[in-house]
Every structure is written in structure tokens, then in C-alpha cells.
Amino acid sequence: MLGILPIVNAGGKNIARSATGRLAMEYVWLPSALLPHNGVTWESEGDNAAAATFQIGGESVKIHITVKENGSLNDVTCLRWSDKTKDGAWGFVMFGATVAHEGSFGGYAVPTAVTAGWRFNGNTRFEFFQAEIKNAEYR
């Protein structure tokens, strides 16, 4: 709260591993990071879907991306390390983000309205993050 009162104070190996998944998902805001010359391999998962696999901090990460008929981003998902499992133990949980709108900044088409959450593929989905991007600068 305004930098005065910490809302979340967590650390350790599990939090760092979870952050790897979050960073992987955030690559959609810098699409050039997902180019093959950065060590990313792509595979088709259907007409409107693909998966990108790459390394972050020595850990292999795979994100799944679907696009709308017009080619704009629809959603992105990955298995992310979390304690949001049924029994509260640490393990991989489906995490995802849905894109409501896209915008173009500095020649990049990026999500501008996003909702994200845990258990993206199930009926116990827990959305906890919403963002609206009004401007982006790439240097």
C-alpha cells in the first residue's frame, strides 16, 4: 500500500521458481524475446494455437498461445510452479491470461487489456490479476 505497508512478503526457491513461469508469460509484452534466435523453439498446436519452449535460468518453460481469427492474441497459458494445488503442496498448476484487447506500440502488437489467474483450465479458476496498458515504450 503505497510502499508503506507490504502486501506480500515471500521469498525462497519456490517463489523464485514460480517467478520463472510469470516471466515466461510476460514475454508477450516483448514479442521479440520469443524469436528463434533467442533459443525459442515453436511448434504448432492447431490452426490458431502454438507452443513456444525456451529456457529461463536453466529451467525449460513452455507457453501455449492461442490467437483469434484476426491473428490477435487470445490467451497464453503455462504450467507454473505454485502452492495453489488441491492439497497446498508445491507443484505445477495451469496458469493463464486472457487478452481482451491488443494495441500497437513502437511497432509491437501487445496485449492492452489482460486478466490472469490460476487453474486456467478448470472449473475452480481463480483470476486475481487485471491490467490495462495505456502506453509502452521500447528502447
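The first residue in the sequence is number 1, and the count goes up from there.
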So how far is it from [X] [atom1] to [Y] [atom2], rounded to the nearest 0.5 Å?
X    : Y    : atom1 : atom2 : value
H37  : S32  : NE2   : OG    : 7.0 Å
M25  : T77  : CE    : OG1   : 6.5 Å
T98  : L73  : OG1   : CG    : 9.5 Å
T66  : N74  : OG1   : CG    : 4.0 Å
I133 : N135 : CD1   : CG    : 9.5 Å

Sub-4.5 Å side-chain heavy-atom contact between M94 and L79:
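Sidechains of L79 and M94: in contact.
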Kindly indicate whether the side chain of T41, heavy atoms from C-beta on, has any atom under 4.5 Å from the side chain of P36.
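Counting from C-beta outward, T41 and P36 never come under 4.5 Å.
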Audit row: V110, E102, side chain to side chain contact (heavy atoms under 4.5 Å, CB included) steps and yes/no
CA-CA 5 Å; V110 297; E102 254 187 12; over 6 Å; no
Is [Y] reachable from [X] through a run of I, L, V, M, F, W or Y residues, each pair having side-chain heavy atoms under 4.5 Å apart?
X   : Y   : result
V28 : L35 : no
V61 : I15 : no
W90 : L23 : no

Quick check on the 6.0 Å ring-centre criterion: do F105 and Y138 meet it?
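No; Y138 has its ring centre 6.0 Å or more from that of F105.
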I want to know whether W118 and F95 have ring centres closer than 6.0 Å.
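W118 vs F95: aromatic centres under 6.0 Å.
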Taking all non-hydrogen atoms of both residues, which atom of T53 and which atom of S60 are closest, and how far apart?
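Scanning both residues completely, I find the closest heavy atoms to be CG2-OG, 3.6 Å.
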Closest approach of P31 to A109 (non-hydrogen atoms, all atoms of both residues):
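It is CG-O, 3.9 Å.
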Please step through side chain to side chain contact (heavy atoms under 4.5 Å, CB included) for the pair S72 and V67, ending with a clear verdict.
CA-CA 5 Å; S72 64; V67 296; over 6 Å; no
Steps toward side chain to side chain contact (heavy atoms under 4.5 Å, CB included) verdict (V99, D75)
CA-CA 6 Å; V99 176; D75 63 41; 6.0 Å; no
What pairs with A33 under side chain to side chain contact (heavy atoms under 4.5 Å, CB included), at least two apart in sequence or on another chain?
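For A33 the side chain to side chain contact (heavy atoms under 4.5 Å, CB included) partners, ignoring immediate neighbours, are Y27, L30.
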Could you go through the side chain to side chain contact (heavy atoms under 4.5 Å, CB included) check for W29 and V114 one step at a time?
CA-CA 11 Å; W29 278 304; V114 178; 3.8 Å; yes
Backbone N/O of [Y] and side chain of [X]: donor-acceptor pair under 3.5 Å:
X    : Y    : answer
W42  : L34  : yes
Q55  : G39  : no
T112 : H101 : yes
D87  : A89  : yes

Could you tell me whether Q130 atom CD has more than 12 heavy atoms of other residues or ligands within 6.0 Å of it?
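Incorrect, the count does not exceed 12.
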Taking E43 first and then K62, would you say they form a salt bridge - that is, a charged N and a carboxylate O separated by under 4.0 Å?
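So E43 pairs with K62 through a salt bridge.
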Residue of the set R80, R119, K86 for which side-chain contact (heavy atoms from CB on, under 4.5 Å) holds with V93
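Output: one option passes, namely R119.
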Does the plane of the ring in F92 sit parallel, tilted or perpendicular to the ring in W81? Use 30° and 60° as the thresholds.
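Rings of F92 and W81: perpendicular, over 60°.
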